[in-house]
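Just so you know, residue 1 is the first one in the sequence shown, and it goes up from there.
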Amino acid sequence: MAFTVPADVKNRPVAVIGAGTLGRRIALMLATRGSEVRIYDKSKEAGEAARAYVVENVAEVAAGIEGGSPGRAGVTDDMAEALAGAWLVVEAVPERLGAPTCPPDRASC
């Protein structure tokens, strides 16, 4: 099945789940296309730091991209709010290295 980008993406937000180093940089790049970017993180401090990073850098980065246009970033700790109306969702949360991925008997791996 082929994916078709929705026709109304200019009027819909994108959501970035995770406000760490990767999430904030993804949010910045999405915002350079004039998009509304919603950053979700359970930590309000991390979310605000990511939003501040985007706000601080978006104009300069967008100016260096052909067709770039500074967008806006918001932050929330409410997943439903972050996802409402989003046409694209990017997950950027840390992997839990060392966490069990198979049961000890490995029967269902």
Side-chain angles (χ1 to χ4, degrees):
M1 175 189 270
F3 173 75
T4 304
V5 175
D8 60 348
V9 296
K10 293 278 186 192
N11 302 319
R12 292 173 58 190
V14 296
V16 177
I17 310 305
T21 302
L22 181 60
R24 72 179 56 195
R25 290 174 184 266
I26 291 170
L28 171 63
M29 296 314 297
L30 291 168
T32 64
R33 305 307 289 179
S35 300
E36 174 191 355
V37 179
R38 295 181 188 155
I39 303 166
Y40 166 83
D41 203 285
K42 292 188 294 185
S43 165
K44 287 187 179 190
E45 288 179 353
E48 285 300 332
R51 187 194 63 74
Y53 177 81
V54 173
V55 169
E56 183 178 307
N57 293 286
V58 69
E60 180 181 350
V61 175
I65 297 172
E66 185 176 337
S69 172
R72 58 197 184 284
V75 64
T76 183
D77 62 355
D78 180 328
M79 181 70 78
E81 182 181 346
L83 299 179
W87 77 272
L88 174 69
V89 179
V90 179
E91 175 264 338
V93 297
E95 300 296 326
R96 291 183 49 203
L97 298 178
T101 56
C102 295
D105 66 3
R106 303 186 62 77
S108 63
C109 292

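A single hydrophobic cluster is not seen to contain both Val89 and Phe3; linkage of ILVMFWY side chains at heavy-atom distances under 4.5 Å, directly or through other members, places them apart. In this structure, Val93 is a member of the same hydrophobic cluster as Leu83, with clusters built from ILVMFWY side-chain heavy atoms closer than 4.5 Å. Linking Ile, Leu, Val, Met, Phe, Trp and Tyr whenever their side-chain heavy atoms come within less than 4.5 Å leaves Tyr40 and Val16 in two separate clusters. By the criterion of side-chain heavy atoms lying less than 4.5 angstrom apart, applied directly or through intervening Ile, Leu, Val, Met, Phe, Trp or Tyr residues, Leu22 is grouped together with Met29 in one hydrophobic cluster. By the rule that hydrophobic residues join a cluster once side-chain heavy atoms approach within less than 4.5 Å of another member, Tyr53 and Ile65 end up as members of one cluster.
With hydrogens and angles disregarded, a donor-acceptor distance shorter than 3.5 Å links the side chain of Asp78 to the backbone of Glu81. Looking at Arg51, its side chain never comes within 3.5 Å of a backbone N or O of Val75 through a donor-acceptor pair. The backbone N or O of Gly74 sits nowhere less than 3.5 Å from a side-chain atom of Arg38 that would complete a donor-acceptor pair. In this structure, the side chain of Asp41 engages the main chain of Ala19 through a donor-acceptor pair within 3.5 Å.
Minimum heavy-atom separation, Arg24 to Ala46: NH2-O, 4.4 Å. Ala31 approaches Val37 most closely through the heavy-atom pair N-CG2, 3.7 Å. When all heavy atoms of Ala59 and Pro70 are compared, the pair lying nearest together is CA-CG, 3.9 Å. Minimum heavy-atom separation, Ala82 to Ala15: O-CB, 3.5 Å. Closest of all the heavy-atom pairs between Glu66 and Arg33 is O-NH1, 3.1 Å.
Atom NZ of Lys10 and atom OG of Ser69 lie 8.0 Å apart (nearest 0.5 Å). For the atom pair Ile39 CD1 and Ile26 CD1, the distance stands at 10.5 Å (nearest 0.5 Å). Taking CD of Glu36 as the reference point, atom CG of Leu30 lies at 12.0 Å (rounded to 0.5 Å).
Using a 4.5 Å cut-off on side-chain heavy atoms (C-beta onward), Ile17 and Met79 make contact. Side chains of Val58 and Thr32 form a contact here, defined as non-hydrogen atoms less than 4.5 Å apart. Looking only at side-chain heavy atoms (C-beta outward), Val5 and Leu88 stay at 4.5 Å or farther from each other. Residues Asp8 and Trp87 fail the side-chain proximity criterion, which asks for heavy atoms closer than 4.5 Å. Proximity of Val61 to Leu28: side-chain heavy atoms (C-beta onward) are separated by under 4.5 Å at one or more points. Put simply, the side chain of Asp77 does not reach to within 4.5 Å of the side chain of Lys42, judged on heavy atoms.
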